Number of protein chains: 2
Amino acid sequence: MSERTRRVTAADVARSLGVSRATVGYVLNNTPGQTISAATRERVLAEAERLGYRPHRTAQALASGRSMIVMLLLPDWPMEYSLRQHLETASRVLDEAGYSLVTHTRHGGGHARPLWELLSPDVVIAWTPITAAERASMKASGITRILPPPRQSRSFLASPTLNAGARLQIDYLHELGHRRIGYAASGDKRLALLSRGRVAGAREAAERLGLGLLDVRPVDHRGGSAAKALRHWRQEGVTAIAAFNDNLAAMTMAAALRAGLAVPGDLAVIGHDDTPLAGMLYPSLSSVSIDNVGLGHYFADLALRAARDEPPPEKAPDLHARVVPRESTIR
Amino acid sequence: MSERTRRVTAADVARSLGVSRATVGYVLNNTPGQTISAATRERVLAEAERLGYRPHRTAQALASGRSMIVMLLLPDWPMEYSLRQHLETASRVLDEAGYSLVTHTRHGGGHARPLWELLSPDVVIAWTPITAAERASMKASGITRILPPPRQSRSFLASPTLNAGARLQIDYLHELGHRRIGYAASGDKRLALLSRGRVAGAREAAERLGLGLLDVRPVDHRGGSAAKALRHWRQEGVTAIAAFNDNLAAMTMAAALRAGLAVPGDLAVIGHDDTPLAGMLYPSLSSVSIDNVGLGHYFADLALRAARDEPPPEKAPDLHARVVPRESTIR
DNA sequence: TGGTACGGCTTGCGCGTGCAAGCTGTACCA
DNA sequence: TGGTACAGCTTGCACGCGCAAGCCGTACCA
């Protein structure tokens with residue numbers, strides 16, 4: 001095995017310099033309340049650099065009780081581009097604050113050992129509701145900062161903030177002159193919470209505009225569901241469809257074209273999230289784009305405040321939703 | 001703060017039972033070479049259960065030198081569905097072996113502290129080539145098992161295994177009677193390695209079939225690129241397009257339809273990866289499906305062997321690529 | 001000249017675990 | 001009856017670090 005070259009520790013740096021290990025630690029951590037001469041500080045830094053010292057994060061975590069890890073629990077539905085894009089921003093912001101973002105997708109099977117137990121993150125923040133069992137498991141692992149808090153576990157996904165886009169879709173279609181509008185909701189159970197929220201937003205907008213009841217139909221990836229919904233809509237004289245996301249919009253549009261309808265002539269369609277897919281279709285798909293960067297900042301802020309045991313920000317983030325018009329709604 | 005309820009440690013279990021901490025450890029870890037009476041074993045297990053003991057993974061990692069973490073470095077291109085689906089399988093297989101899979105996407109910015117330093121995984125395994133700097137950083141963090149090894153850093157992405165699908169595309173189009181076939185390669189630099197491999201596979205198949213040189217054109221997400229490629233192909237009398245992936249296929253198809261061509265009448269199109277997108281289009285997109293489960297097993301196996309310091313498997317995995325025919329190639 | 005203040009360090013414990021080595025009593029054998 | 005073997009434990013160190021507390025010398029002041 002040839003003594004698998006051991007990694008350099010703070011003790012190595014100290015020994016090689018003839019100072020104590022504590023001194024090395026104080027210098028490298030810039031520990032407040034310690035007075036170290038500039039000369040020593042310089043020597044320590046130089047030697048650490050020379051030896052290629054890397055602090056052993058595991059040992060740091062054990063000693064300090066903080067792992068500097070923020071764990072973001074993602075839904076296992078395909079959020080693809082749309083909501084996932086904010087991760088990069090969140091990761092960067094947290095990084096600047098000294099925290100690392102680790103994402104985790106809980107897939108059904110039930111892990112032998114859940115990842116939070118392994119990583120002991122300082123903060124767990126979840127997109128999807130956290131089950132009581134999961135919460136208990138986290139508590140037992142010593143995780144105290146869990147977002148969202150118990151009572152609000154479903155709050156964010158159902159929050160009005162995330163409905164702004166849905167309202168906008170209806171406003172936009174109304175503006176184009178459509179008076180009978182259908183809504184393609186998600187038939188996927190995993191998306192139920194989010195979908196319900198958006199439906200509520202769309203309904204609200206429709207009511208405000210005096211459009212009467214919105215014709216909401218579930219669409220999923222299974223073959224006939226879009227075609228079936230379409231028949232209903234046509235019977236009701238619907239001339240425009242707002243969809244839960246771009247995927248459902250694409251499926252609805254395909255069903256319409258396959259049925260011999262013209263898009264947007266006979267049926268206008270608008271998606272949600274402005275994924276790359278929208279631009280790949282023919283006709284290209286109008287959509288609603290969302291401020292993913294802002295969302296990333298919001299999540300990072302949420303996590304950082306929790307890590308510092310500060311109260312959460314009162315106000316939800318502004319999504320800055322805006323319509324991206326393409327061929328599927330305008331000629 | 002009310003003494004933020006401390007987590008239960010092995011010492012708590014030992015104390016409450018009047019046995020030593022080592023005994024608790026031996027029982028819970030089933031340490032070989034230790035003889036513990038059935039009665040004591042039972043008592044320890046019961047008490048650990050009763051107190052809700054969870055081993056402190058961080059401390060375990062520090063003491064044992066193994067984190068039981070496998071870190072998979074993902075490319076930052078949108079592999080979304082296609083190649084990413086294998087993750088679930090890999091995660092499950094590793095989980096059964098006691099390892100946890102943590103995925104990490106290195107986005108350009110350059111982390112202040114790279115994630116591998118934070119987690120000290122037992123194995124790092126990368127889809128994309130690992131830079132020399134990254135490799136050095138890993139070594140300095142004490143990570144010795146890095147896949148792929150230095151010299152082969154580009155091997156997997158360029159391996160013939162991953163080209164099986166491209167060969168199949170050409171075979172299939174040839175079978176349908178097409179003799180002038182175009183290939184839509186990826187214009188994305190991040191995909192260059194993979195794309196080049198597939199182009200090579202497609203070329204090989206074309207040559208074998210006596211089709212002469214394949215007409216390869218880059219397509220990317222930018223507006224005009226598909227239309228431009230299409231004009232070239234039409235001039236050359238191309239009647240069918242094999243695309244690097246479903247996205248490029250969709251864009252090519254949209255460009256064709258927009259130009260007034262019939263698909264598949266004037267131009268047949270086949271994608272690669274069989275993403276959900278394929279079924280959402282009109283005409284629906286023929287594609288090549290890949291055995292993601294098998295790929296997941298392969299990655300897990302690769303990681304596990306490395307973790308145990310065993311030699312890697314000699315043979316690459318069989319992708320079991322197969323054509324999924326849809327409307328874009330057959331009427 | 002004695003006392004105090006404080007800069008600049010060192011000593012040492014604790015974090016929760018794995019594991020080598022040692023220790024004790026009983027069973028068994030010559 | 002004395003010795004050996006071994007089941008069934010315990011003692012104690014190591015992992016690499018953070019950090020509280022202490023220690024030593026010099027500068028400054030009365």
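Each chain gets a letter, A, B and so on, in the order the sequences are listed, and its residues count up from 1. Computed from a prediction, not measured in an experiment: that's the story for all the values here.
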Worksheet item: When you check every protein heavy atom under 4.0 Å of nucleotides 4-12 of chain C, what one-letter string (B, S, -) results, 5' to 3'?
Response: ---SBBBB-

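- B:Arg305 places no side-chain N or O within donor-acceptor distance of the main-chain N or O of B:Pro312, the cut-off being under 3.5 Å.
- Atom CZ of B:Arg66 and atom P of C:dC19 are 10 Å apart (whole Å).
- The distance from atom CD of A:Gln60 to atom C1' of C:dG14 is 16 Å, rounded to the nearest whole Å.
- The separation between B:Arg7 atom CZ and C:dC15 atom P is 13 Å, rounded to whole Å.
- Note: CG (B:Leu62) to P (D:dG18) measures 12 Å, nearest angstrom.
- One atom, CG of A:Leu118, and another, P of C:dT17, lie 14 Å apart when rounded to the nearest Å.
- Ion pairing between A:Arg7 and A:Asp12 fails under the 4.0 Å rule for side-chain N and carboxylate O.
- Remark: the A:Tyr99 side chain and the A:Arg66 side chain contain an N/O donor-acceptor pair separated by less than 3.5 Å.
- Rounded to an integer number of Å, the gap from A:Glu117 CD to C:dG16 P is 15 Å.
- Closest to the B:Asn29 side chain, of the nucleotides C:dC15, C:dG18, C:dT17, is C:dG18.
- Counting only distance, with no hydrogens or angles, the side chain of A:Ser20 and the backbone of A:Thr23 share a donor-acceptor pair below 3.5 Å.
- Between the side chains of A:Thr58 and B:Ser120, a donor-acceptor pair is found at a separation under 3.5 Å.
- For the pair B:Arg15 CZ and D:dT11 P, the computed distance is 14 Å after rounding to whole Å.
- Separating the CE atom of B:Met68 from the P atom of C:dG18 is a distance of 11 Å, rounded to the nearest angstrom.
- No side-chain donor-acceptor contact under 3.5 Å links B:Trp116 and B:Ser141.
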